[in-house]
Amino acid sequence: MAHMPVAERRTRLLSAAFEVIARSGVSGATTRAIVDEAGMKLASFHYAFESREELLAQLVDVVVDTQEMVLDIPADVAGGLRDLLERGLLSYFDQVRANPQRERAMFELTQYALRAPSMAGVAERQYGRYRALAEASLHEAAARTGCAWRAPVPELAADLVALTDGITLAWLADGDDERARRTIAFAARALAAEADLDSPAPASDPASDRAPSSHREGHTP
């Protein structure tokens, strides 16, 4: 362990921290619990990070940086924009249901970042990334269905992020699949109502139009 490269040490500790938070929350993610999860000695921690807060701040950045999109856009476009949006949101919800501990961990990390002075700006960067990914998803949805958004896409992207957060948090609270699916149907209708269904989507920044392949929560570091 003494000869492990610092980059590998950091990666192992970040992954271990996320597992501990998913299981026990941020309060349970003590330095001791993290190194035990990583199978490392306590002294090894300080070769990689100056403090627990530094690790947590980097953990949020790493998780967010690996995220690729908000909506899982289906391969076909049968049914038009509303149907495509609903199917994309349902696919996102399926991934939430498959790993609820991960979703709880992300909410906990966000709340901690908002309270901890040492993590100032972390939550803002996190949600800026979410909104950028949502913009890419909305541009793709419009292009795939031949529609054009009437409202500014950055504003709709913020709405989409708020909707996915609300759907996720409500489901984590009550576990009601049918209620979540009804909310998803409402969200798809509301978003689709902001588009001209027979107008082509305007050209947009190619950097924001990449066609990502997984939902916004990405992969565990």
Side-chain angles (χ1 to χ4, degrees), residues 8-40 42 45 48-49 51-72 87-116 118-119 122-131 133-134 137 160-184 187 212-221:
E8 182 180 349
R9 196 187 303 269
R10 290 170 73 90
T11 298
R12 285 185 59 172
L13 287 167
L14 287 165
S15 181
F18 199 87
E19 291 299 317
V20 173
I21 292 168
R23 186 172 61 245
S24 306
V26 173
S27 62
T30 62
T31 302
R32 169 65 71 183
I34 292 168
V35 296
D36 286 348
E37 181 74 21
M40 298 166 64
L42 186 59
F45 182 92
F49 296 100
S51 66
R52 172 178 176 268
E53 283 66 32
E54 182 193 359
L55 178 147
L56 293 176
Q58 185 170 335
L59 180 58
V60 174
D61 287 339
V62 167
V63 174
V64 171
D65 284 347
T66 60
Q67 293 163 2
E68 296 177 0
M69 72 182 299
V70 171
L71 294 180
D72 192 358
R87 289 160 62 198
L89 285 165
L90 285 170
S91 181
Y92 160 77
F93 178 55
D94 285 343
Q95 295 182 63
V96 170
R97 292 176 68 248
N99 197 350
Q101 286 188 328
R102 189 181 198 288
E103 304 301 328
R104 293 188 188 99
M106 286 306 299
F107 278 118
E108 284 214 37
L109 279 167
T110 303
Q111 291 297 314
Y112 184 81
L114 289 170
R115 292 192 302 269
S118 60
M119 294 178 70
V122 171
E124 184 178 357
R125 291 198 304 274
Q126 177 186 2
Y127 274 79
R129 170 70 170 163
Y130 287 167
R131 288 188 290 271
L133 294 172
S137 294
L160 176 55
V161 171
L163 286 164
T164 56
D165 266 7
I167 290 164
T168 302
L169 189 56
W171 180 81
L172 289 173
D174 62 27
D176 191 326
D177 292 352
E178 290 307 311
R179 179 178 289 132
R181 293 188 179 103
R182 287 194 300 272
T183 305
I184 284 170
S213 59
S214 63
H215 86 103
R216 75 170 174 92
E217 291 285 326
H219 305 286
T220 301

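Here, residue 1 is the first one in the sequence, and each next residue gets the next number.
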Test your reading of the model: is there a side-chain donor-acceptor pair from [X] to the backbone of [Y], 3.5 Å cut-off?
X	Y	answer
Arg52	Thr31	no
Thr168	Thr164	yes
Arg9	Ala48	no
Ser91	Gly88	no

With heavy-atom distances below 4.5 Å as the criterion, would you say the side chains of Leu160 and Tyr130 are in contact?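 No, side chains not in contact.
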Measuring only between side-chain heavy atoms, which start at C-beta, is Leu13 closer than 4.5 Å to Val35? yes
Say whether Tyr112 and Ser27, considering side chains only, have a donor N or O and an acceptor N or O under 3.5 Å apart. no
Between Asp176 and Trp171, is any side-chain donor less than 3.5 angstrom from a side-chain acceptor?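 Side-chain D/A pair, Asp176 to Trp171: absent.
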Phe49 and Phe45 aromatic ring geometry - parallel, tilted or perpendicular at 30°/60° bounds: tilted
Can you name the side-chain contact (heavy atoms from CB on, under 4.5 Å) partners of Glu108, sequence neighbours left out? Val26
With sequence neighbours excluded, residues passing side-chain contact (heavy atoms from CB on, under 4.5 Å) with Leu163: Ala187, Leu191
If I compare all heavy atoms of Gly39 with all of Arg12, which pair ends up nearest, and what's the gap?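 Reported closest heavy-atom pair: O-NH2, 4.2 Å.
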Which atom pair, heavy atoms only, marks the closest approach of Ala33 to Gly28?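 Nearest heavy atoms, Ala33 then Gly28: CB-O, 3.5 Å.
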Could you tell me whether Glu54 atom CD has more than 12 heavy atoms of other residues or ligands within 6.0 Å of it?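 Yes, CD of Glu54 has more than 12 neighbouring heavy atoms, counting only those of other groups under 6.0 Å.
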